[in-house]
S.K.: 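A single structure is presented below for examination.
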Amino acid sequence: MPIYMDIHSVPGIEALDLAEAHRKDMLIQDSYRCKCMTYWVDEARGVAFCLIEAPDKSVVAEMHKNAHGFIPNKIIEVKNEVVESFLGRIHDPEDAEISNNGLKVFRDTAFRILLVTDSIDPVLLRHNLGARNASDLLKKINMILRKELLFHAGREVEHTGNEFIASFSSASKAILCALAIQKNLSGPDRKLTGFRIGITAGNPVAKSDRLFGDSIQLARCLCTAAHSNARIVVSSVVNELLTADQFASGRKRFIAILPQDEIVLQALFRKLEENWQDPDFTVLNFCRSMSMSKSQLYRKTVALWNLSPNLLLKEFRLNKAREMLKTHFNNISQTTFDSGFTSPSYFTKCFKKKFGLLPAVYLNSLK
């Protein structure tokens, strides 16, 4: 059966309240063909999360309603291995406190700090450096990442070709890990790979239907904002969690995004995600969708990415086109129109200028 995680927003909730609610769920779980696996509670933020094996989402909501009345605000389907990667467990902690009336009570929050790294597509790196040199460099980076992750008590969640996601229970450990990675990875190696780090924080269930989806997406946005200075970029929430005196010497090596800039950054990316395939979506449309003048939009994109709005839109489309070629092995003409370009020849010219090789050569490199 599927596994679901839900979120309950309950201001003032205490661990004992959730332990009692969990017990009530377990008393009737068999009647609903459910298995209540565990929970997390964040008393400070007034939220709780339940992990439940169930036939479907509606059954989860119905069981909660009849057991204790706490209706979930949102329910998403998850996979055990992904939950464990992010949160470290899928069952109750073995050292959970047992109350006088036999309840398992624990105050384990699901709030996590996420460190996301981004670098050049390995296909492009092999084209630039040769297969042997690219392989050696990638191995070196992965070794540094895993060594520092282990030392700073982080958990590896996901590692694709050019992205690495790690989870921490402490903002300071995540930052110290990032600073150590930056220190051990030389400037030339960072430049060759376009290596960047974004750090965010959040709960596992929010607007996205993916576990920690909102936090991961923001971290990806922050990685793009690192641009040429190759520094670490942290979200406003992570910055608030850091002790100022502890990181006084390291603050020159990372950028803390202001809350208002973070909002704009996310809004700009949403508009790009919504419209990049539309060839009629121009900079003027971009301005209108953001309720900004041309000069306002220009100042924002230059400040965040060191790119004009026109170049930002073009690079966004090119990166999406590259992903489509890599994932779907589309032909060049199809990719041209699917990525918002109107001319295969212009698309080919832009792709070559951006990535250093023709789309056809890129496609052949995937085989």
Side-chain angles (χ1 to χ4, degrees), residues 114-146 148-149 156 158-166 174 177-200 216-235 253-255 257 265 268-269 272-273 276 301-308 311-327 339 350-359 361-362 365-366:
L114 301 185
L115 182 154
V116 175
T117 74
D118 181 49
S119 57
I120 191 173
D121 182 340
V123 175
L124 299 176
L125 192 64
R126 287 194 293 270
H127 176 80
N128 295 339
L129 302 182
R132 180 69 179 273
N133 289 336
S135 178
D136 289 345
L137 182 53
L138 290 173
K139 285 178 183 177
K140 177 182 176 181
I141 292 172
N142 291 339
M143 185 178 70
I144 292 171
L145 286 170
R146 292 193 169 103
E148 296 304 335
L149 198 61
E156 180 177 340
E158 184 177 305
H159 183 209
T160 59
N162 61 311
E163 182 179 72
F164 190 95
I165 302 174
C177 181
L179 291 171
I181 291 168
Q182 188 187 59
K183 181 180 178 181
N184 289 309
L185 190 60
S186 71
D189 285 346
R190 290 203 303 268
K191 187 174 181 179
L192 281 171
T193 58
F195 189 85
R196 298 170 291 193
I197 301 176
I199 304 178
T200 58
I216 292 170
Q217 186 57 40
L218 176 56
R220 288 170 176 161
C221 291
L222 296 180
C223 280
T224 66
H227 51 79
S228 60
N229 53 36
R231 284 193 285 178
I232 302 155
V233 184
V234 306
S235 69
R253 293 163 58 195
F254 68 84
I255 304 167
I257 292 286
L265 177 70
L268 288 167
F269 256 79
L272 289 170
E273 282 287 356
W276 64 275
T301 62
V302 169
L304 290 168
W305 293 288
N306 202 27
L307 293 171
S308 69
L311 282 175
L312 176 65
L313 178 57
K314 184 188 296 183
E315 292 212 356
F316 196 90
R317 283 174 167 152
L318 287 169
N319 280 314
K320 289 291 189 179
R322 179 185 53 79
E323 289 174 12
M324 284 193 290
L325 288 172
K326 190 171 187 178
T327 306
S339 56
C350 293
F351 193 97
K352 174 71 163 60
K353 184 176 180 180
K354 168 69 177 171
F355 300 117
L357 73 171
L358 296 169
V361 175
Y362 181 86
S365 301
L366 299 172

S.K.: Leu222 and Gly198: which non-hydrogen atoms are nearest, and at how many Å?
M.R.: CB-CA, 4.2 Å
S.K.: Let me see the working for Lys314 and Lys353 under side chain to side chain contact (heavy atoms under 4.5 Å, CB included), right down to the final yes or no.
M.R.: CA-CA 12 Å; Lys314 184 188 296 183; Lys353 184 176 180 180; over 6 Å; no
S.K.: Test side chain to side chain contact (heavy atoms under 4.5 Å, CB included) on His159 and Asn142; report intermediate values, then the result.
M.R.: CA-CA 9 Å; His159 183 209; Asn142 291 339; 3.2 Å; yes
S.K.: Walk me through whether Leu268 and Trp305 qualify under side chain to side chain contact (heavy atoms under 4.5 Å, CB included).
M.R.: CA-CA 11 Å; Leu268 288 167; Trp305 293 288; 3.5 Å; yes
S.K.: At their closest point, which heavy atom of Ala178 faces which heavy atom of Leu115, and how far apart are they?
M.R.: CB-CD1, 3.9 Å
S.K.: Do Arg322 and Phe351 come close enough that some side-chain heavy atom pair is under 4.5 Å?
M.R.: yes
S.K.: Is there side-chain contact between Phe254 and Ile199, with at least one heavy-atom pair below 4.5 Å?
M.R.: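 Phe254 vs Ile199: side chains apart.
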S.K.: Between Ser235 and Leu218, what is the shortest heavy-atom contact and its length?
M.R.: CB-CD2, 4.1 Å
S.K.: Check whether any side-chain heavy atom of Thr117 lies under 4.5 Å from a side-chain heavy atom of Ile141, and answer yes or no.
M.R.: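 A side-chain contact under 4.5 Å is absent here.
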S.K.: Side-chain contact test, heavy atoms from C-beta onward, threshold under 4.5 Å: evaluate it for Leu145 versus Phe195 and give yes or no.
M.R.: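 Counting from C-beta outward, Leu145 and Phe195 do come under 4.5 Å.
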S.K.: To check you understand the geometry: which heavy-atom pair defines the closest contact between Leu125 and Leu192, and what is its length?
M.R.: CD1-O, 3.8 Å
S.K.: Check for a donor-acceptor pair, side chain of Asp189 on one end and backbone N or O of Leu185 on the other, with a separation under 3.5 Å.
M.R.: no
S.K.: Between the side chain of Thr224 and the main-chain N/O of Cys221, is any donor-acceptor distance below 3.5 Å?
M.R.: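 Such a contact is found between Thr224 side chain and Cys221 backbone.
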S.K.: Could you measure the distance from the CG atom of Leu137 to the OG1 atom of Thr193? Nearest 0.5 Å is fine.
M.R.: 6.0 Å
S.K.: Taking the side chain as every heavy atom from C-beta outward, state whether Val116 and Glu163 have any atom pair closer than 4.5 Å.
M.R.: yes
S.K.: Can you see which heavy atom on Cys350 is nearest to which on Leu318, and at what distance?
M.R.: O-CD1, 3.8 Å
S.K.: Kindly compute the distance separating CD1 (Ile197) from SG (Cys177), expressed to the nearest 0.5 Å.
M.R.: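 Reported value, rounded in 0.5 Å steps: 7.5 Å.
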S.K.: Report the distance from atom CD1 of Ile232 to atom CZ of Arg196, rounding to the nearest 0.5 Å.
M.R.: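 One finds 13.5 Å between CD1 of Ile232 and CZ of Arg196.
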S.K.: Closer than 3.5 angstrom, by distance alone: can the side chain of Ser339 be matched with the main-chain N or O of Arg317 as a donor-acceptor pair?
M.R.: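 No: the side chain of Ser339 does not pair with the backbone of Arg317.
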S.K.: For a side-chain contact (heavy atoms from CB on, under 4.5 Å) with Phe355, tell me which candidate from Asp121, Val123, Asn319, Ile120 qualifies.
M.R.: Asn319
S.K.: Might you work through the side chain to side chain contact (heavy atoms under 4.5 Å, CB included) test for Leu307 and Thr301, ending with a clear yes or no?
M.R.: CA-CA 6 Å; Leu307 293 171; Thr301 62; 5.5 Å; no
S.K.: If every non-hydrogen atom of Leu366 is compared with every non-hydrogen atom of Leu325, which pair is closest and at what distance?
M.R.: CD1-O, 3.5 Å
S.K.: Which distance, rounded to the nearest 0.5 Å, do you find between the CG of Leu272 and the CD of Glu315?
M.R.: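 Between atom CG of Leu272 and atom CD of Glu315 there are 11.5 Å.
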S.K.: Please determine if Lys140 and Asp136 form a salt bridge, counting it only when a charged side-chain N lies under 4.0 Å from a carboxylate O.
M.R.: no
S.K.: In terms of relative ring orientation, are Phe316 and Phe269 parallel, tilted or perpendicular, with 30° and 60° separating the classes?
M.R.: perpendicular
S.K.: So how far is it from Leu149 CG to Ile144 CD1, rounded to the nearest 0.5 Å?
M.R.: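 CD1 of Ile144 is found 13.0 Å from CG of Leu149.
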S.K.: Side-chain contact test, heavy atoms from C-beta onward, threshold under 4.5 Å: evaluate it for Glu148 versus Gln182 and give yes or no.
M.R.: no
S.K.: Working to the nearest 0.5 angstrom, can you tell me the gap between Arg220 CZ and Thr200 OG1?
M.R.: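 With rounding to 0.5 Å, CZ (Arg220) is 10.5 Å from OG1 (Thr200).
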S.K.: Quick one: does Ser135's side chain have a donor or acceptor within less than 3.5 Å of a partner on Ala131's backbone?
M.R.: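 Here the side-chain-to-backbone pair does not exist.
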